[in-house]
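No experiment lies behind these values; they were computed from the predicted model shown. We number each residue from 1, following the sequence as shown.
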Amino acid sequence: MYDSMYGSGYGSGYDFVCEDSAAAPPRPDGAADNYLPNPCVLHPERVTDYPNWDLPDEIADALEERFDQLEEETGWSYWSHLSVSEGIKVGGYPTWTQEPVWPNCPDCGRRMDHLLTVNSREFDGESWRTWLPLEDTPATGTIWDLPYEERKRIQCPPGLTLGDMGGIYLFDCRLCPDKPYAYHSDCS
């Protein structure tokens, strides 16, 4: 369910299962391998995320002392660990790399809803503590202790690099009968 007033939401909630995960997906004729994502299997999980860049300034200011106390006591940063979920996702908040750019519906003028984020990575130098899958956690040390190629395989499973570790965000208007859509992309 998606709360369009505040933009919050949940993952898709659908369980996608490949019928034959051993079969390679079809590849477009003539496409260079470095322009196609790596074949992968989707293992969605339902999470709730909270605004990061989209948190209104007055709310961020009101909660700043509590955020600082939380980080001091636990080492968990609201901004890096507890707000927006990283990676490729349906719903929730966009994982903006730069300032938010919410498109307005060309038909009704209302701010469009976030539908999908496709990111270059599943986590970054801080958010790995929250978003690194347990099954990918090294037996000793941290993800950053792994050899680069192994870490890259875990951090960027589809093998996408959108700009300089950026993302693409797809939006739609769920109120208009024609369901107009828009997208925005950004990078660091």
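T137 has its side chain out of reach of E135: every pair of non-hydrogen atoms, C-beta onward, lies at least 4.5 Å apart. Looking at E71 and W76, their side chains never come closer than 4.5 Å, going by heavy atoms from C-beta outward. Within the 4.5 Å cutoff, the side chain of L55 has heavy atoms near those of the W79 side chain. Side-chain contact check for E122 versus E86: every heavy-atom pair is 4.5 Å or farther apart.
Counted within 6.0 Å of NZ on K179, heavy atoms from surrounding residues, nucleotides or ligands total more than 12; the atom is thus considered enclosed. Applying the 6.0 Å contact sphere to OH of Y181 captures no more than 12 heavy atoms from other residues, nucleotides or ligands. Counting heavy atoms of neighbouring residues, nucleotides and ligands inside a 6.0 Å radius, atom CD of E72 does not exceed 12 of them.
Counting only distance, with no hydrogens or angles, the side chain of H114 and the backbone of G92 share a donor-acceptor pair below 3.5 Å. In this structure, D172 contributes its side chain and R174 its backbone to no donor-acceptor pair below 3.5 Å. Side-chain N or O atoms of Q155 include one that pairs as donor or acceptor with a backbone N or O of F123 at under 3.5 Å. D107 places no side-chain N or O within 3.5 Å of a backbone atom of C176 that could act as its donor or acceptor partner. No donor-acceptor pair closer than 3.5 Å links the side chain of W131 to the backbone N or O of W128. A donor-acceptor contact shorter than 3.5 Å is absent between the side chain of S83 and the backbone of N52. Judged purely by atom type and a 3.5 angstrom limit, D136 has no side-chain atom pairing as donor or acceptor with the backbone of P133.
Following chains of ILVMFWY side-chain contacts shorter than 4.5 Å, one cannot reach L175 starting from M112, and the two form parts of different hydrophobic clusters.
If you look at Y93 and W53, their ring centroids are not closer than 6.0 Å.
A salt bridge between D68 and R66 is absent, with no side-chain N of the basic residue lying under 4.0 Å from a carboxylate O of the acidic one. Salt bridge annotation for K89-D49: present, with a cationic side-chain nitrogen under 4.0 angstrom from a carboxylate oxygen.
For the atom pair CG of D145 and OG1 of T140, the computed distance is 7.5 Å after rounding to the nearest 0.5 Å. Note that CD1 of I59 is 14.0 Å distant from CD of E64, once rounded to the nearest 0.5 Å. The structure places CD1 of I143 at 14.5 Å from CZ of R129, a figure rounded to the nearest 0.5 Å. Rounding to the nearest 0.5 Å gives a distance of 11.0 Å between OG of S127 and CG of L82.
Under the 3.5 Å distance criterion, with hydrogens and angles disregarded, a donor-acceptor pair is assigned to the side chains of D54 and W102. Side chains of Q69 and E65: a donor-acceptor N/O pair is absent below 3.5 angstrom, by distance only.
The minimum heavy-atom distance linking A31 with L36 is given by the pair CB-CD1, 3.8 Å. Across all their heavy atoms, S188 and T97 have their closest contact at N-CG2, 3.4 Å. Here the closest non-hydrogen pair linking M165 and T161 is N-CG2, 4.3 Å. When all heavy atoms of I168 and Y183 are compared, the closest pair comes out as CG2-CD1, 4.4 Å. For the residue pair P94 and V84, the shortest heavy atom distance occurs at O-CG2, 3.6 Å. Scanning both residues, P37 and L160, for their nearest heavy atoms gives CB-CD2, 3.7 Å.
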>> Please evaluate residues D113 and L115 with respect to the criterion side-chain contact (heavy atoms from CB on, under 4.5 Å), reporting the C-alpha separation (whole Å), side-chain torsions for both, the decisive distance (0.1 Å), and the verdict.
In response: CA-CA 6 Å; D113 295 307; L115 176 64; over 6 Å; no
>> I'd like to know whether L146 forms a side-chain contact (heavy atoms from CB on, under 4.5 Å) with W144, so could you lay out the CA-CA distance, the side-chain angles of the two residues, the decisive distance to 0.1 Å, and finally the verdict.
In response: CA-CA 5 Å; L146 295 175; W144 307 109; over 6 Å; no
>> Please determine whether side-chain contact (heavy atoms from CB on, under 4.5 Å) holds for the pair R110 and C173, giving the CA-CA distance in whole Å, both sets of side-chain angles, and the decisive distance to 0.1 Å.
In response: CA-CA 8 Å; R110 181 183 157 276; C173 182; 4.2 Å; yes
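The aromatic rings of Y78 and F67 sit parallel to each other, their planes meeting at less than 30°, with 60° as the upper class boundary.
Shown are N119, T117, D186; of these, the side-chain hydrogen bond (donor to acceptor under 3.5 Å, both in side chains) with T95 is made only by N119.
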